[in-house]
Number of protein chains: 2
Amino acid sequence: MMITDSDQARPIPEPTLRRLPTYHHFLKTLEAEGREAVSCSTMGRELNLDPTQIRKDLAMTGITGRPKIGYVVTDLIGAIESFLGWNDIQQAFLAGVGNLGAALLGYQQFNRYGLDIVAAFDTDEAKIGRQVQGKEVMPLSKMADLARRMHVHLGIITTPAEHAQYVADQMVAGGIEAIWNFAPIVLSTPEHIIVQDEDLFSSLAVLSRRLRTRLQAMQ
Amino acid sequence: MMITDSDQARPIPEPTLRRLPTYHHFLKTLEAEGREAVSCSTMGRELNLDPTQIRKDLAMTGITGRPKIGYVVTDLIGAIESFLGWNDIQQAFLAGVGNLGAALLGYQQFNRYGLDIVAAFDTDEAKIGRQVQGKEVMPLSKMADLARRMHVHLGIITTPAEHAQYVADQMVAGGIEAIWNFAPIVLSTPEHIIVQDEDLFSSLAVLSRRLRTRLQAMQ
DNA sequence: TTGTTCTCGATATAAAATTCTCGATTTAAC
DNA sequence: GTTAAATCGAGAATTTTATATCGAGAACAA
């Protein structure tokens, strides 16, 4: 019987998933330099991580290394990409063409990481019909219907907090399976919907607290 | 002897810090609705979190609740804000006026969360001298010196990965204490510098993997 | 060939975070 | 008053995550 990573009984730890892109990026630079192989010890030194932790993370992708050598760089990159599903590109809709929404629309890099934002939606009449980063902004009212017809499974919410729940409801109505939510609220969605929150303020809180503690210690 | 939260011997768990803004935002909406008090059970139901976990998180801020009642909403908001240092506003420099950098420059909300981006820097001649979101873009070469003269302690990096390390070095040279890093690389900085990484791709990885697993399960 | 060094991978241990349990306390209803 | 319901706060138990240990395998130098 063939063993694939989807046979894994236990879900992948989220900390592991969050570290994989770090490895991926580092490996890409190694690849660009022409490095053939790399060990966890080397990576650990560069990335300030425990080598054992890296080894366990990488093992999750199903790849195996060789004693004394480590892992083949290109294989490792491929393993991470296929593990994360970055090979088959997902089409996505984005709702909320403000500062952040426009920024995400312009992130060409996403195309290399499994994500293609194919359309943007907003309720602001001034924005509808205009092109932002080369993508046309359409009325939010058309989103659900279009999502269903185009079989789009992924939605990105970059609206203000107060509109995020409505947008999420529309996405669910349109048959969207997963939501990348940049609004700082907890969305209420059916059980089966995958929601990934990306809250800038969470990150800012960690930073603020540390800096405050530091500055206070210095008086 | 007065006990303040800075007397805490043990560092605050990062997961706790990351959840505090979630509570804060929820409490703000309660406040707007005129709610006087709230219990952990109520919050837990709304935010899909364990009430005990919320209770422990809130206890970190030093606030105390009352049985049967819960916490006073406005007190709680104040406790979180002062705990995170969101009351005294930090001036910050931002380097890298691309899509994301420009978006952050336009985030007026930051002013209410202890952050004021006072200047932006870039190496692109086409951007230098221009106003972005009402803030003038200056040459990166002037950043370190200005940081020192203006006593700016916080730097935000929104450059492409390949320039992030150089920018970080400049920030450190300018006496900056803390860096909010949006570039997807691990910065190498002196021990005492606080670095908070905000990697969109980490978040995307979690989402990608879950969606891939889901779609695969459905064939 | 033989010994040395490096690294993987499995297992064990430790630390951190979450969840559960329960007594004490307060409010509000009876 | 007395009782019932709700909730806090402290501590225990569980789960998850991170780190340490160690044997075996592979490359390389002598």
Side-chain angles (χ1 to χ4, degrees), chain A residues 3 5 8-20 22-23 26-27 30 35-73 75-76 79-80 186 197 202 205-206 209-210, chain B residues 3 5 8-20 22-23 26-27 30 35-73 75-76 79-80 186 197 202 205-206 209-210:
Chain A
I3 294 177
D5 61 65
Q8 307 211 229
R10 306 216 323 150
I12 309 300
E14 180 159 330
T16 292
L17 290 176
R18 297 190 67 91
R19 283 188 295 266
L20 287 177
T22 307
Y23 306 145
F26 177 69
L27 292 164
L30 287 189
R35 275 284 289 275
E36 300 263 322
V38 67
S39 72
C40 291
S41 341
T42 310
M43 293 182 68
R45 220 173 301 119
E46 296 289 330
L47 303 175
N48 291 318
L49 292 172
D50 185 285
T52 310
Q53 183 173 65
I54 299 177
R55 201 169 294 126
K56 283 195 170 179
D57 287 343
L58 298 181
M60 292 282 176
T61 68
I63 205 167
T64 125
R66 280 165 55 189
K68 178 83 178 179
I69 296 294
Y71 304 83
V72 177
V73 173
D75 290 358
L76 204 37
I80 293 174
V186 176
D197 292 308
S202 290
V206 180
R209 168 70 194 179
R210 296 216 175 118
Chain B
I3 294 177
D5 61 65
Q8 306 212 230
R10 307 216 321 147
I12 309 300
E14 180 159 331
T16 292
L17 290 175
R18 297 190 68 91
R19 282 188 296 265
L20 287 177
T22 308
Y23 306 146
F26 178 67
L27 291 165
L30 286 189
R35 276 283 290 273
E36 301 262 322
V38 66
S39 71
C40 290
S41 341
T42 309
M43 294 181 68
R45 220 174 300 119
E46 294 289 330
L47 303 175
N48 291 319
L49 291 173
D50 185 285
T52 310
Q53 183 172 66
I54 298 177
R55 202 169 293 126
K56 287 199 167 173
D57 287 343
L58 298 181
M60 292 283 176
T61 69
I63 205 167
T64 128
R66 279 165 57 189
K68 178 82 180 182
I69 296 293
Y71 304 84
V72 177
V73 173
D75 292 357
L76 204 36
I80 293 174
V186 176
D197 292 308
S202 289
V206 179
R209 168 69 194 181
R210 296 216 176 119

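Numbers restart at 1 for each chain; the letters A, B, ... are given by sequence-line order, proteins then strands.
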Atom pairs and distances, side-chain donor-acceptor, residues 37-47 of chain B, under 3.5 Å, sequence neighbours left out:
unit_1	atom_1	unit_2	atom_2	d
S39(B)	OG	S41(B)	N	3.4
S39(B)	OG	T42(B)	N	3.2
S39(B)	OG	T42(B)	OG1	2.9

Counting primed atoms plus P, OP1 and OP2 as sugar-phosphate and everything else as base, spell out the protein contacts along nucleotides 5-14 of chain C at 4.0 Å heavy-atom distance: B, S or - for each nucleotide, 5' to 3'. BBBBB-BB--
Would you mind reporting whether L27(A) and I80(A) have side-chain heavy atoms less than 4.5 Å apart? yes
From the 5' end of DNA chain D to its 3' end, which nucleotides mark the outer limits of contact with chain B, defined by a 4.0 Å heavy-atom distance cut-off (strictly under)? dA5(D) to dA12(D)
Degree of bending in the helix from dT1(C)-dA30(D) to dC30(C)-dG1(D) once both end axes are built from five pairs, to 10°: 10°
Quick one: N48(B) CG to dT19(C) P, roughly how many Å, whole number? 12 Å
Calculate, to the nearest 0.5 Å, the distance between atoms OG1 and CD1 belonging to T61(B) and I63(B) respectively. 5.5 Å
How far does CG of N48(B) sit from OG1 of T22(B), to the nearest 0.5 angstrom? 11.5 Å
When rounded to the nearest 0.5 Å, the distance separating CG of D57(A) from CD1 of I12(A) is 10.0 Å
OH/Y23(A) to CG/L49(A) distance, rounded to the nearest 0.5 angstrom? 5.0 Å
R55(A) CZ to T64(A) OG1 distance, which is reported to the nearest 0.5 Å: 12.0 Å
Using the side chain to side chain contact (heavy atoms under 4.5 Å, CB included) criterion, which residues pair with E14(B)? Sequence neighbours excluded. V206(A), R210(A), R18(B), Q196(B)
Please identify each residue that fulfils side chain to side chain contact (heavy atoms under 4.5 Å, CB included) with P67(B), with sequence neighbours left out. none
Side-chain contact, heavy-atom cut-off 4.5 Å: L30(B) with F26(B)? yes
